[in-house]
Amino acid sequence: MPILAEDRQAAVKEIVCDILELEEDEVTDTSLFIDDHGADSLRAIEILASLEKEFGITIDQSELAQMVNLEAVYKVVAEAPAR
């Protein structure tokens with residue numbers, strides 16, 4: 001299983017927090033975007049699009065269901081193919 005480098009993890013967290021309008025200390029690797037932070041499906045799509053743009057990767061829409069917290073997003077980004 002690919003591991004996401006720390007600098008990329010920081011960039012992912014920054015993107016997620018910006019879109020969810022949260023401070024970085026409010027979001028942990030395991031806190032749930034929907035249950036803990038009130039995110040909706042539109043925010044999830046924004047996160048996906050921003051990650052694709054930032055890292056030059058392609059994330060399949062089917063991955064959205066797995067992207068429930070930072071740990072899962074790190075995994076999806078690490079495994080996503082480059083464009």
Side-chain angles (χ1 to χ4, degrees):
M1 178 174 93
I3 307 277
L4 199 60
E6 271 187 48
D7 60 329
R8 292 188 89 164
Q9 285 186 12
V12 167
K13 186 170 185 175
E14 186 177 327
I15 289 168
V16 168
C17 290
D18 187 46
I19 291 170
L20 297 182
E21 299 175 2
L22 297 167
E23 296 298 321
E24 290 195 21
D25 61 354
E26 293 180 84
V27 180
T28 67
D29 286 354
T30 57
S31 62
L32 300 173
F33 300 150
I34 294 172
D35 296 342
D36 297 330
H37 304 298
D40 58 20
S41 58
L42 182 58
R43 299 282 172 120
I45 292 168
E46 283 183 64
I47 290 169
L48 185 145
S50 294
L51 293 171
E52 287 184 326
K53 183 177 179 186
E54 175 73 21
F55 297 113
I57 56 177
T58 301
I59 301 171
D60 194 274
Q61 293 276 337
S62 65
E63 300 285 351
L64 276 175
Q66 295 177 31
M67 296 169 61
V68 296
N69 59 23
L70 280 174
E71 271 184 358
V73 174
Y74 297 153
K75 181 178 183 290
V76 167
V77 170
E79 295 174 353
R83 284 193 215 133

I need the minimum non-hydrogen distance between [X] and [Y], along with the two atoms involved.
{"X": "Thr58", "Y": "Arg83", "answer": "OG1-CG, 3.1 Å"}
{"X": "Ile57", "Y": "Leu51", "answer": "CG1-O, 3.8 Å"}
{"X": "Gln9", "Y": "Leu4", "answer": "NE2-O, 3.1 Å"}

Less than 4.5 Å apart, side chain to side chain, heavy atoms only: is that true for [X] and [Y]?
{"X": "Arg8", "Y": "Phe55", "answer": "yes"}
{"X": "Ile34", "Y": "Val68", "answer": "no"}
{"X": "Gln61", "Y": "Leu64", "answer": "yes"}

Test applied, side-chain contact (heavy atoms from CB on, under 4.5 Å); reference residue, Leu22; option that passes from Ile19, Asp25, Leu20: Leu20
N/O donor-acceptor pair under 3.5 Å between [X] side chain and [Y] backbone:
{"X": "Lys13", "Y": "Leu70", "answer": "no"}
{"X": "Arg43", "Y": "Gly38", "answer": "no"}
{"X": "Ser31", "Y": "Val27", "answer": "no"}
{"X": "Glu79", "Y": "Pro2", "answer": "no"}

More than 12 heavy atoms from other groups under 6.0 Å of CD on Glu14: no
Nearest 0.5 angstrom please: [X] [atom1] to [Y] [atom2], how far?
{"X": "Glu21", "Y": "His37", "atom1": "CD", "atom2": "NE2", "result": "13.5 Å"}
{"X": "Met67", "Y": "Ile47", "atom1": "CE", "atom2": "CD1", "result": "6.5 Å"}
{"X": "Lys75", "Y": "Ile3", "atom1": "NZ", "atom2": "CD1", "result": "10.5 Å"}
{"X": "Glu46", "Y": "Asp40", "atom1": "CD", "atom2": "CG", "result": "8.0 Å"}

Single-linkage hydrophobic cluster, 4.5 Å side-chain cutoff, Ile45 and Ile59 together: yes
Residues that Ser62 engages under side-chain hydrogen bond (donor to acceptor under 3.5 Å, both in side chains), provided they are two or more places apart: Asp60
